[in-house]
Each structure stands twice: as C-alpha cells, then as structure tokens.
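Convention: sequence-line order gives letters A, B, ...; per-chain numbering from 1.
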Amino acid sequence: MLGFFISERLYPTKVYGEEGKRMSKLITCEEAVKMIKSGSRIMVGGFGLVGAPLSLIAALAQSEVKDLEIISNNLGEPGKGLGVLVRQKQVKKAIGSYFTSNPEVVQSYQNQEMEVELLPQGTMSEAIRAGGAGLGGFYTPVSVGTKIAENKEERTIAGKKYVFQEPLKANFALVKANKADQLGNLIYNKSARNFNPMMATAADVVIAEVDEVVEVGQISPEEIITPHLYIDFIVLKGGN
Amino acid sequence: MLGFFISERLYPTKVYGEEGKRMSKLITCEEAVKMIKSGSRIMVGGFGLVGAPLSLIAALAQSEVKDLEIISNNLGEPGKGLGVLVRQKQVKKAIGSYFTSNPEVVQSYQNQEMEVELLPQGTMSEAIRAGGAGLGGFYTPVSVGTKIAENKEERTIAGKKYVFQEPLKANFALVKANKADQLGNLIYNKSARNFNPMMATAADVVIAEVDEVVEVGQISPEEIITPHLYIDFIVLKGGN
Amino acid sequence: MNIKQYIAARAAKELKDSDIVNLGIGIPTLVADFIPSDVQVFLHSENGILGVGPTPDPEHIDQDLVNAGKMPVTVLNGSSYFDSASSFAMIRGGHVSVSILGVLQIDAKGRIANWAVPGKSVLGVGGAMDLLEGSKKVIVTTMHTTNKGESKIVKELTYPITSERAVDLIITDLAVFTVKEDGLHLIELAPGISLEEAQQKTDAPFHIAGSFKKGKEVTA
Amino acid sequence: MNIKQYIAARAAKELKDSDIVNLGIGIPTLVADFIPSDVQVFLHSENGILGVGPTPDPEHIDQDLVNAGKMPVTVLNGSSYFDSASSFAMIRGGHVSVSILGVLQIDAKGRIANWAVPGKSVLGVGGAMDLLEGSKKVIVTTMHTTNKGESKIVKELTYPITSERAVDLIITDLAVFTVKEDGLHLIELAPGISLEEAQQKTDAPFHIAGSFKKGKEVTA
C-alpha cells in the first residue's frame with residue numbers, strides 16, 4: 001500500500017541472491033520442539049486460541065517434555081491448545097492473567113499439580129515488553145490495594161500509588177504470526193497479534209509459527225511489526 | 001497490501017456518511033498555536049529536522065509565546081526547526097538527548113538563557129512511552145555510574161544495577177506524520193517515525209502535522225501506527 | 001426489551017460523540033445495540049482492536065478477529081489493530097473515555113469487586129483491574145440484587161476489591177447512582193420502582209439527589 | 001587505503017554472518033565499506049532502521065531517510081522501520097550483536113569515555129550510553145593517540161565515563177587489544193609497528209597475549 005524505495009540498483013544480487021541460504025531459519029515443528037528441555041520456561045502467544053501457535057503446541061504435546069513453566073495469557077481450553085499440556089500434566093507452573101476459562105486448570109491447581117501466578121493483563125503484557133527491552137522493572141498503578149499486590153512493593157510517585165513489577169523473560173518464546181519473510185520479519189493478522197510481538201522480544205530462543213513464508217521484500221518496511229532480529233526459527237503452521 | 005474485511009454491509013452509511021463531520025480535527029497551524037500559552041511544556045517530534053513538524057514550529061516562531069519547556073531529541077539547527085525558537089529566546093528549558101549539533105543552544109545555555117536536561121536517547125524515548133502508558137517510572141541499566149545518573153536513584157535488581165527514570169508528559173505534543181485519515185489515524189514515512197508515535201501518546205493535547213489527509217478506510221487497520229484516539233487535531237504541512 | 005437490555009439502553013445514553021468506549025462481558029456488551037444513531041463512539045477491545053463492529057453473520061466469522069470476550073466480531077472502517085502491551089498502555093494511560101463493566105459487588109464509596117469470589121480458587125483477573133484504574137470514566141451496569149435477592153450494593157465489600165478507584169456511575173434495573181466524594185447519590189429510579197423499594201434493596205447508605213425524580217432522567 | 005580505512009577494514013573482519021551491527025559516527029561508519037562479500041550483516045540505526053544500505057546518489061536522497069548521524073542513507077530489501085522507543089528496546093534488550101563505536105579515551109579496564117569533554121558544557125549524549133550498555137559485543141575503533149600525540153588508552157579516564165561496561169575489543173592504527181577481567185591484552189600489531197612503539201604510545205598497562213604475532217592476526 002505504501003511505496004518504498006529499495007536501492008536494488010546499489011546492492012544488486014549479493015545479499016539475497018543465494019537461494020535457500022536465507023531459509024535457514026525454517027525448521028519443522030519436531031526440530032523446534034527438540035530444542036526444548038523439561039523444566040524450560042516458555043512464553044506462548046495467543047489470546048485464548050486466537051494467535052496461539054497451535055502446531056508448535058501440538059508438537060510439544062507429542063513430546064516427552066514436562067515440568068514446563070508457561071507464560072501465556074490463558075491455558076487454552078479443555079483439550080485444546082495449551083489445555084492439552086495441562087491435561088497431560090506437562091505444566092509445572094503457569095504465569096498469566098486469565099485461566100478460569102479452562103476448568104481443567106482450576107482442577108489441576110486444586111490438586112496441587114500446578115502452580116499459578118496471576119497478573120493483570122496489562123501488567124503481564126508490559127512485563128514481557130520490559131523483559132525484551134532490557135528494563136529492570138516498572139511501576140504500574142494497576143492492582144494497588146488488591147490481593148494481587150499483596151506481596152509487591154508499593155511506592156508513591158507524584159502523589160499516586162504504584163506497585164513494582166519485575167520484567168518477564170523466558171528460555172523460549174513460541175509465537176504465531178501470519179506471514180514471515182525468509183529473513184524472519186513478521187506481520188500478524190487482525191486480533192491474532194495480541195501478546196506475540198512482545199513475546200518475540202523476550203526469550204533466549206524465539207520460534208515463530210506462520211501461515212506463510214514469503215520472499216524477502218514482499219512485506220513493506222513500514223508494515224513489519226516484528227523485525228527479523230528477534231526471530232531465531234520459523235515453522236509452518238500445520239506442518240513440517 | 002494486506003487484505004482486510006470491513007463489514008460495510010453491516011454498518012452502511014451511518015458512521016462516516018456525513019461528509020465533513022469527521023474532518024473536525026483539521027485546523028490551521030495558527031489555530032493550533034493559539035492553544036499554546038507561554039510556559040507550556042511541549043513535546044516536539046523529530047530526529048534533527050527529520051520527522052519534525054516544521055510548519056507547526058514555524059507558526060510557534062511567529063507567535064508571542066515564550067518560556068516554553070521543550071521535550072525533543074534535538075533543538076534543530078541554527079535558524080532551522082526548533083533552532084528558530086532558541087534564537088528567538090522562546091525556550092526556557094529543553095529536555096532531550098543531543099543538543100550539541102546546534103551551537104546556538106550551547107551559547108544560550110552558557111549565557112544562562114536556557115536550562116538543559118540531558119537524557120540518554122533510549123531513556124528519553126522510553127520515558128515518553130511510560131508517560132503515555134500511565135506508568136510511574138522504570139529502571140534502566142543505561143547511565144549507571146555516569147554523570148547523567150548522579151542525582152538519580154540507583155537500585156540493584158537480580159544482581160544488576162539500574163537507575164530509576166520518571167515518565168515524561170507534556171501539555172502539548174506536536175508530531176509529524178506522513179498521512180492521517182479523517183479520524184486521525186496516522187502512518188509515518190521511513191525514519192521520520194522516530195519519537196513521534198510515543199509523543200502522540202503522552203500529552204494533554206496532541207496536534208499532528210501531516211503531508212496528506214486521506215479518507216477513512218484508505219489506511220489498512222494493520223498498517224496504522226498511531227490509532228486516532230491519540231490525536232486531537234490535525235494540520236496540513238505547509239498550510240493554513 | 002428485557003431487563004438487561006433496559007439497563008444497557010440506559011447506559012448507552014451516557015455515551016457522547018467521539019467517546020472511546022470499552023465494554024465488559026455481560027450486560028455491558030449489550031450496550032452496543034442501544035447507542036443513539038447520532039452518537040458515534042469507537043469501541044475498544046483490550047485484546048488489540050479500536051473500532052469493533054457488530055457480530056458477524058456465521059459465514060463471515062474470521063477466527064483471527066475476536067473481542068475481549070473471545071467472541072467473533074467485525075471491525076468498522078477506520079479501525080486499527082495493536083498488540084496487548086499497546087492496548088493496555090492506552091487503557092492505563094487514560095486514553096479510553098468510558099469503560100462499562102459488570103460487577104459482583106459495589107461498596108458505599110463506589111468501589112467494586114468484579115474479579116474473584118471468596119472461597120474459590122482465584123485463577124483469573126484479565127483486564128478488569130487495568131480498565132478500572134485507567135479509564136477516564138467508569139460506568140457499572142448490573143442487576144441490583146443477586147439471584148438470591150441480596151443487595152449487590154453493600155456497606156463493605158466481602159468479595160476481593162478490584163481497584164481502590166471508585167466508579168463514576170452505577171446503573172441497575174432499579175436505579176441510577178452517581179459516585180461522589182461522600183458516597184453514592186441516587187439520581188434516578190427505573191419506571192415503576194419506588195424509593196422505598198430501592199432503599200430496601202440497597203444495603204449501602206446513599207444520598208438522594210435534590211433534583212431526583214421518579215422514573216425520569218435527572219441531572220444530579 | 002588511508003589509516004582510518006585500515007582501522008575500519010580490520011574491524012570489519014570481526015563481523016560474522018547474520019550479525020546485527022550498529023555503527024557509530026566517524027571511523028565506525030567506514031566499516032560498512034569493508035564487510036567481506038561472503039558475510040551478510042544487518043545494519044541497525046538507532047533512529048529506527050534495521051537494514052541500512054549504502055549512501056544514495058544525490059538524485060536518490062530521501063529527506064525522510066537518514067541514519068543516526070543524520071546522513072542520507074538507503075535501505076536494503078528486508079529492512080524495517082520502527083519508533084525510537086522500539087529501537088532502543090532492541091539495543092538495551094541485547095538484540096544488537098555488535099556495536100562499533102568511536103572513543104575519546106579507554107581506561108586500563110577497557111571502559112570508555114566518548115560523550116563529553118571536561119570543561120565544556122555537556123549538552124549531548126545521544127545513544128552512546130544505550131549502545132555501550134546493551135550491545136552483545138562492543139568494538140572500539142580509534143586512532144591510538146590524539147592529534148597532540150597523547151595516548152587515548154589511559155590508566156584512568158579523565159573524561160566522563162560512558163558506561164561501567166567495558167568494551168570487548170579495541171582496534172587502533174597501531175594495535176588490537178581484547179579486554180578481559182584482568183585488563184587489556186595486546187593480540188596484534190599493525191604492519192610496521194613495533195611492540196616498543198605500542199608500549200611507548202599506550203599509557204595504560206596491558207598484557208601481551210601468548211599467541212601474539214607482529215602484523216598478523218592472532219587469536220588470543
């Protein structure tokens with residue numbers, strides 16, 4: 001939609017001429033999941049099932065990994081998305097904002113099979129951003145005086161009360177995007193964007209599940225939401 | 001470039017059918033500047049002259065306002081952009097990261113005509129974002145142990161030293177975008193984006209100078225960088 | 001119009017042209033159906049949409065386009081998408097004009113509980129605290145009493161509080177209250193509701209606005 | 001090749017395929033001209049570009065497209081634009097592989113001063129502190145001595161420090177040093193430079209790497 005000037009005349013074929021070389025980020029779901037060890041801390045994108053990397057989650061459910069610490073807004077639905085990992089008791093701890101929609105999470109929690117840490121949705125998304133942005137934490141007015149803030153540092157700044165929130169980081173981030181180019185630049189579809197762009201910045205290894213991989217240059221520099229420097233690996237949805 | 005589904009069938013003409021009504025954000029530079037009183041704190045977008053709202057600045061230079069507190073990465077060049085306000089002694093204080101490129105700023109500072117507060121560029125941009133995002137402040141590792149941090153709170157978090165930075169807010173933000181639609185949704189051009197999107201979130205009154213105003217719907221929902229809720233007024237570049 | 005629609009319709013009258021509005025789940029969702037045709041508001045959904053439109057026909061459902069209640073929606077011309085951190089920056093930063101929320105309880109100072117039930121595992125908070133803290137104006141829409149007939153407007157909350165910030169307006173099937181420094185002020189009764197009935201069904205003490213009139217909208 | 005180009009060419013050899021690289025003003029800018037053809041790096045500019053390309057011909061200058069030195073640039077295929085907060089989030093968050101910076105002074109522990117001069121009004125810091133704090137690897141390129149012949153590598157900084165974080169590699173017209181816990185290690189001398197000359201022109205003490213060889217690249 002926006003025109004943009006690419007100096008192809010100046011940098012002719014050198015950089016992207018070698019077909020295949022720049023596809024090295026593309027791996028299978030199985031290869032992706034093999035990197036993940038039991039006990040890992042994993043961020044998983046999505047608001048419910050929308051914008052969740054369902055193929056990567058399915059591969060994780062097929063694997064033997066357990067004792068996972070999951071950072072995700074929700075834990076799927078019973079038997080769907082992250083709900084499968086809950087049902088299979090692969091999750092040791094979950095950090096998120098809203099788990100009530102999956103009754104099996106409530107049950108697992110009550111059976112003491114799983115720990116839960118609850119954050120307001122805005123605090124959670126900001127903490128992930130802070131993790132990726134190298135900040136040591138921030139003060140938010142949200143949750144002051146509530147149960148959520150009971151063990152948190154409170155501070156008055158310019159006459160208003162705030163609570164301190166530490167950044168969130170993880171060993172892995174599994175995110176879902178609409179398109180990746182071969183370098184790993186990402187764009188998202190509609191409300192499936194949600195937590196994915198922040199999570200893509202906040203983990204040691206970031207794996208993006210995408211509907212489609214396009215040639216470099218097919219996504220305008222103005223449109224890119226997640227620049228490729230954040231993406232380590234790409235998998236195709238539904239597939240190897 | 002991205003297709004998107006707009007439910008025009010469902011919401012036919014009601015919302016945007018009344019031509020002109022939604023143009024109410026469009027005003028002249030003179031009208032914009034009339035809102036600004038002496039002593040105001042104003043954020044001004046741009047990295048040097050790139051992405052700076054030069055028509056709004058010119059109108060401000062034509063006005064009688066003085067004692068301004070300017071939050072901007074730079075203060076233009078001698079006699080250009082914000083440099084005109086410096087030359088005309090309209091600036092009481094400047095908060096930014098790099099003023100050295102305008103020798104007249106150095107001179108004004110040495111003559112004690114102007115106060116200066118210096119922030120590392122990343123701390124400054126993050127502080128503006130924090131202001132717009134309702135945060136009480138944040139900890140950054142940048143500037144620890146330097147002159148910049150001399151009067152700032154230092155804190156060790158997870159073994160690493162950080163300094164506390166308060167959020168920045170302003171009475172007005174003057175930003176520069178490429179296109180606005182009639183609602184005030186904005187997109188930016190190339191590296192002219194810089195500080196503008198954050199500043200658009202962090203002031204009581206936000207005025208966007210744009211190259212072009214387009215019909216609502218001409219900018220895809222995926223492409224919009226600054227949603228219209230942040231924009232109070234629009235002025236056309238070069239124009240009345 | 002059923003009673004919940006009545007509440008929603010009453011809440012819709014509070015919206016002004018150009019308002020940025022966030023609607024919670026339940027009665028608040030119904031408000032969208034009653035916005036006057038000469039008032040254009042923009043619906044914000046905290047999962048990352050400004051400009052939410054009506055529910056699509058089944059054949060137009062897009063699985064990547066849901067509201068904060070995870071229900072399929074459409075978007076209107078001029079809408080935009082953004083990530084969750086940006087969405088909550090809008091909310092927390094005071095850029096949402098009005099949030100309309102459901103509640104479990106409201107206390108005599110207008111503070112609410114709407115996220116957790118005592119004795120049950122607390123496993124969800126979502127965006128409730130952010131919306132209550134950050135929205136310029138907060139309107140609560142609720143049935144006046146629980147299914148068991150207990151007042152939801154109580155002297156002191158027995159459910160966990162959502163925020164120290166009080167709401168601005170309370171709209172129930174029986175009455176409308178504004179919230180001021182000194183507590184709740186009754187400004188309106190629903191058609192057919194007597195002051196006595198409202199008093200009887202409200203545990204919290206409240207003031208009665210001087211300009212109060214039965215069954216009519218009044219300005220406090 | 002002049003001496004500054006020599007330094008830049010030597011620095012370019014440190015870059016690896018796929019590195020995200022931020023180049024400071026001065027000698028660092030020249031590094032772009034010497035990147036080996038089999039190494040693809042992505043140049044990051046802190047004003048909001050990933051994928052900076054070469055300087056445009058005069059007729060292709062776009063006034064909205066400049067680098068952090070405010071000079072016109074182009075972008076390559078696959079580039080992206082972002083706002084300043086996002087750009088510095090990348091830097092501070094450790095997502096830039098290598099920054100190559102100029103300096104005023106380097107101390108015996110490898111810490112640098114490159115933003116302010118004592119006795120002059122300090123009116124600019126820019127992105128220097130962020131880049132030094134956040135980049136995974138920091139390489140300094142500089143002339144070994146000032147115009148007056150004074151060593152830039154000093155026992156203790158007399159100029160204001162930029163960060164407590166030490167740099168990783170120092171490349172001058174005379175020598176190359178790595179920085180370790182115990183200080184500077186000479187790993188290389190420029191062609192025609194004797195160890196004695198390097199020692200004489202370096203105020204700070206330094207170790208001499210075991211594998212050190214004159215005029216040849218060595219691995220410390």
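Residues forming a salt bridge (charged side-chain N to carboxylate O under 4.0 Å, His left out) with D211(B) (at least two apart in sequence, or on another chain): K176(B).
Residue E222(B) holds its CD atom at 7.5 Å from CD1 of I187(A), rounded to the nearest 0.5 Å. Here I225(A) contributes atom CD1 and I225(B) contributes atom CD1; the two are 5.5 Å apart, rounded to the nearest 0.5 Å.
Residue Q165(B) does not touch chain A at all, counting heavy-atom pairs closer than 4.5 Å.
Using a 4.5 Å heavy-atom cut-off against chain B, the contacting residues of residues 147-160 of chain A are E153(A), R155(A), I157(A).
Residues F138(B) and L135(A) come closest through the heavy atom pair CD1-CD2, 3.8 Å. Nearest heavy-atom pair, P141(B) versus G134(A), reported as atom, atom and distance to 0.1 Å: CD-O, 3.2 Å.
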